[in-house]
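Some notes on the structure that comes next.
The structure displayed is predicted, hence computed values, not measured ones.
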Amino acid sequence: MKVLAFSHSMDLVLELISAGRELGDVSLIMTSDQEGRINEVKGAKEILLCKGMGSGDQEGLVELISGLAGDYEVVLLASDRRGRELVGQVAHRLGASSAVDVSSLSVEDGKLVVERMTFGGKAIAVEELGLPAVISVQKGKFKPPEEGEPSVREISAPSVERRIEVIERKEKPKVGVPLDKAEIVVAVGRGFRKKEDLKLAYELADVLGGVVGATRPIAADLKWMEEEVWIGISGVRIAPKLLIVVGASGQQQFAAGIMDSKVVVAVNTDSKAPIFEQADYGVVMDLYEFLPVLTRKLKEIKGG
Amino acid sequence: MDIAVLVKQSLDVQELRVDQDTGKIYIEDAPTKAGDIELNATEEAVRLKEKLGGKAIAIMLSTWGSSGKRQKEAREALTRVLAMGLDGAVLIMGEGAEKGDTYVIAKVLAEEIRDKFRLVLAAEGSEDNFSGLLPARLAAELGWPYVAYATAIEVEGDYVKVTRSLEDFEEVVKVKLPAVISVTQEINKPRVPKLVEIVKAKKKPMDQKDFSPHVEPKLVIRELKVPKVERKQIVIEGDVEEAAEKLIQALKEEGVL
Ligand SMILES: Cc1cc2nc3c(=O)[nH]c(=O)nc-3n(C[C@H](O)[C@H](O)[C@H](O)COP(=O)(O)OP(=O)(O)OC[C@H]3O[C@@H](n4cnc5c(N)ncnc54)[C@H](O)[C@@H]3O)c2cc1C
């Protein structure tokens, strides 16, 4: 089977190749801005290098990918926002099937069979897709391949009728340890009354050697933290060995992001909050009283 | 300028019951509603219309069967968005839509939208399935540009200016109309309709249409599984000092400290 892959993010490219190799040979599209990192690519059969297009050109990418896809059975994209924006458009242009955020993929009787989370994380859907198919792959599910030098072939950029013009683009600061790789996470929710109070969570994370994540409202709505740190169905899915959830209700869309955590602790004043059903250990207390004491006692043990 | 808002009849996932032991998912028992982010799309449509004139209409394709209960819920969900200020609604009922094939649904919705609207607003993802595929497919079917994840929208003549937040960038893009735009939850705070508005909403036009898919689905859901997550759910008792100590002890025994 022939697989065509593309990701805006070089960090996700290797995961895509590894997912693609479960199906067959992978051809990877790279854009002008990615050329400098061509040597990092392992495991693909070939690289299709388009020097005439940058990865910020979504309209151009829809044309480019749709134009090449005729020679392939499966198109793989990443599940970041720009990747997901492309999936439906490319699939429809090709008259192809589609699925996003798939955690596994295989071929059975000429159909692509994928698994993905649905119903806010309450169920896993096993979907059968007719070929050709365009899908995006869940982050962090596939281990980057270590070997296999691809050949490089240059391809030309298609001409595109432009209807979208980028008039401003600001790079966001990168966050420290990515949440999905962290061993210990303290997740904060709207139980914190103001931004300065998050200090209580940072101090706890510090003594544990962990990082702080958040619910969506804290990051996206109140903007108390970077958007990269919200956990859940529309954010990051985490798998730490210890997760301490503080002042978050545990709504389904958040809970979907913490299922793979090994041990979950919840601190919440409301004994009926759904988060307690998602937790191994529940503390029904005011975070403003409980966190300082917990942090102090942990410091004592750690000899700080 | 007339605006269409896509409103999905979503399962209320918070209320959906699943049984981890038997793997049963009680879909029929779960209520449905307009997705939360679709209320944001509605709010944005109402604001744009108040500024620019024209009509804003909700379009819903019922996706969870056409039983009496589901029809009633669909009309309630539409009444909710009408009460927020939309001018009318189109409810498309049909068998087969619950199979969730966005290829088919995009074709059905495009018939309803082409020639009638200049702007389509949708949610970044539906509340129950959250794939975000439909607005993208609809745009491709209509041959219109598509921009997702809008956190601000401004219409300037023949263009819409869309601010959006991506993982690595903040972007402002200028998009030529007609266009399809999907919004995030952060774009606005949806208004809460007053009782009189709800009463009035019931008198607003709601067209009900039937559809029978004349295209083969590209995708079939083979199975729905319930993921097994086992949590101990131990409540730590005592005063603050005791609770902290007990928790630390438990975490040591778990080997995670
Ligand atoms: C399609 C869709 C996708 C979404 N995706 C996500 C997602 O990816 N991630 C996400 O997080 N959300 C997501 N949401 C939003 C989600 O539904 C919830 O609204 C959100 O998770 C709630 O955040 P919260 O727990 O911080 O706030 P709240 O629900 O307001 O909870 C605050 C909690 O703090 C407790 N509390 C208050 N004071 C104290 C105190 N002093 N001490 C201790 N506890 C206290 C309260 O009892 C309450 O339980 C999504 C929603 C939709 C519709």
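- A pairwise comparison of heavy atoms in K189(B) and D221(A) identifies NZ-OD2, 3.3 Å as the closest pair.
- Only the side chain of L251(B) comes within less than 4.5 Å of a heavy atom in chain A; its backbone stays farther off.
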CA sep, side-chain torsions, deciding dist, call: V180(B), Q89(A), side-chain contact (heavy atoms from CB on, under 4.5 Å): CA-CA 11 Å; V180(B) 179; Q89(A) 296 183 83; over 6 Å; no

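- Going from atom CD of E167(B) over to atom OG of S9(A) covers 8.5 Å, rounded to the nearest 0.5 Å.
- Side-chain contact between K122(A) and D128(B): absent, with no pair of heavy atoms (C-beta onward) separated by less than 4.5 Å.
- When heavy atoms are compared at a cutoff of 4.5 Å, S182(B) does not approach chain A at all.
- Rounded to the nearest 0.5 Å, atoms CE (M117(A)) and CZ (F130(B)) are 12.0 Å apart.
- The pair K170(A)-E171(B) fails the salt-bridge criterion, with no side-chain N (NZ, NE, NH1 or NH2) lying under 4.0 Å from an Asp/Glu carboxylate O.
- Rounding to the nearest 0.5 Å gives a distance of 9.0 Å between CG of L129(A) and CG of D101(B).
- Contacts between A250(B) and chain A at a heavy-atom distance below 4.5 Å involve backbone atoms as well as side-chain atoms.
- Residue contact with chain A, scored on non-hydrogen atoms closer than 4.5 Å, involves the backbone of D239(B) exclusively.
- Heavy atoms of other residues, nucleotides or ligands lying less than 6.0 angstrom from NZ of K272(A) number 12 at most.
- Taking A140(B), P145(B), A148(B) one by one and counting their heavy-atom pairs under 4.5 Å with chain A, the maximum is reached by P145(B).
- When heavy atoms are compared at a cutoff of 4.5 Å, V62(A) does not approach chain B at all.
- P227(B) and A123(A) make their closest contact through CD-CA, 3.8 Å (heavy atoms, listed as atom of the first residue, atom of the second, distance).
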Walk me through it: do L133(B) and R84(A) pass the test side-chain contact (heavy atoms from CB on, under 4.5 Å)? CA-CA 8 Å; L133(B) 286 167; R84(A) 291 175 69 139; over 6 Å; no

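- When side chains are defined from C-beta on, K161(B) counts as touching I167(A), because their heavy atoms get closer than 4.5 Å.
- Both the backbone and the side chain of L166(B) come within less than 4.5 Å of a heavy atom in chain A.
- In terms of modelled atom types and a separation under 3.5 Å, the side chain of R81(A) and the main chain of S165(B) share a donor-acceptor contact.
- In this structure the side chain of F119(A) reaches within 4.5 angstrom of the side chain of I27(B), judged on heavy atoms.
- Here the shortest heavy-atom pairing between R163(A) and G143(B) reads NH1-O, 2.7 Å.
- The two residues Y281(A) and I236(B) come nearest to each other via the heavy atoms CD2-CD1, 4.1 Å.
- Proximity to chain A (any heavy atom under 4.5 Å) is restricted, for I248(B), to the side chain, taken from C-beta onward.
- Contacts of V229(B) with chain A are made by side-chain atoms alone, with heavy-atom separations under 4.5 Å and no backbone atom involved.
- In this structure, chain B has heavy atoms under 4.5 Å from both the backbone and the side chain of A125(A).
- Annotation: maximal heavy-atom pairing with chain B below 4.5 Å, among E128(A), R93(A), E183(A), occurs at E128(A).
- When each of K176(B), R164(B), E223(B), E237(B) is checked for heavy-atom pairs under 4.5 Å with chain A, E223(B) comes out on top.
- With a 4.5 angstrom heavy-atom cutoff, E216(B) does not touch chain A via any of its atoms.
- Looking at Q20(B), neither its backbone nor its side chain comes within 4.5 Å of chain A, counting heavy atoms on both sides.
- Checked by atom type and distance alone, the side chain of D280(A) pairs as donor or acceptor with a backbone atom of K232(B) at under 3.5 Å.
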Please assess R222(B) against E115(A) for the test salt bridge (charged side-chain N to carboxylate O under 4.0 Å, His left out), listing each intermediate value before the final yes or no. CA-CA 10 Å; R222(B) 183 196 279 183; E115(A) 292 197 329; over 6 Å; no

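- Between chain B and the options K241(A), Q58(A), E59(A), R116(A), the largest number of non-hydrogen pairs under 4.5 Å is found for R116(A).
- Each of L112(A), T295(A), D286(A), L242(A) has some count of heavy-atom pairs under 4.5 Å with chain B, and the biggest count is that of L242(A).
- Rounded to the nearest 0.5 angstrom, D101(A) CG and N129(B) CG are separated by 10.5 Å.
- Between R231(B) and A279(A) the shortest heavy-atom distance is CB-O, 3.5 Å.
- Chain B forms more heavy-atom pairs under 4.5 Å with one residue of H8(A), E127(A), E227(A) than with any other, namely E127(A).
- The shortest distance between side-chain heavy atoms of P132(A) and K218(B) does not fall below 4.5 Å.
- Counting heavy-atom pairs under 4.5 Å between each of T118(A), V126(A), V90(A) and chain B puts V126(A) at the top.
- In this structure, S98(A) and R137(B) have side chains that are in contact, with non-hydrogen atoms separated by less than 4.5 Å.
- Here the closest heavy-atom approach between residue Y103(B) and residue G95(A) is recorded as CE1-CA, 4.2 Å.
- Atom-to-atom distance recorded for K262(A):NZ and E254(B):CD is 6.0 Å, nearest 0.5 angstrom.
- Other residues, nucleotides and ligands place more than 12 heavy atoms under 6.0 Å from the CD atom of E156(B).
- Neither the backbone nor the side chain of V162(B) comes within less than 4.5 Å of any heavy atom in chain A.
- Side chains of F169(B) and K172(A) form no contact here, defined as non-hydrogen atoms less than 4.5 Å apart.
- Heavy atoms of R296(A) lying under 4.5 Å from chain B belong exclusively to its side chain.
- A donor-acceptor pair is defined here as one N or O able to donate and one able to accept, closer than 3.5 Å; such a pair exists between the side chain of Q233(B) and the backbone of E277(A).
- Using a 4.5 Å heavy-atom cutoff, the side chains of L224(B) and I124(A) are not in contact.
- Salt bridge annotation for K223(A)-E170(B): absent, with no cationic side-chain nitrogen under 4.0 angstrom from a carboxylate oxygen.
- With salt bridges taken as basic N to acidic carboxylate O contacts below 4.0 Å, none links D168(B) and R169(A).
- One finds the CD atom of Q252(A) at 8.5 Å from the CG atom of L16(B) (value rounded to the nearest 0.5 Å).
- When heavy atoms are compared at a cutoff of 4.5 Å, V226(B) approaches chain A by way of both its backbone and its side chain.
- K297(A) has a carboxylate O that lies under 4.0 Å from a charged side-chain N of E241(B), or vice versa, which qualifies the two as a salt bridge.
- Only the side chain of K252(B) comes within less than 4.5 Å of a heavy atom of chain A; its backbone N, CA, C and O stay farther away.
- Residues Q14(B) and P274(A) meet the side-chain proximity criterion, which asks for heavy atoms closer than 4.5 Å.
- For the set G56(A), G121(A), A220(A), G120(A), the entry with the most heavy-atom pairs within less than 4.5 Å of chain B is A220(A).
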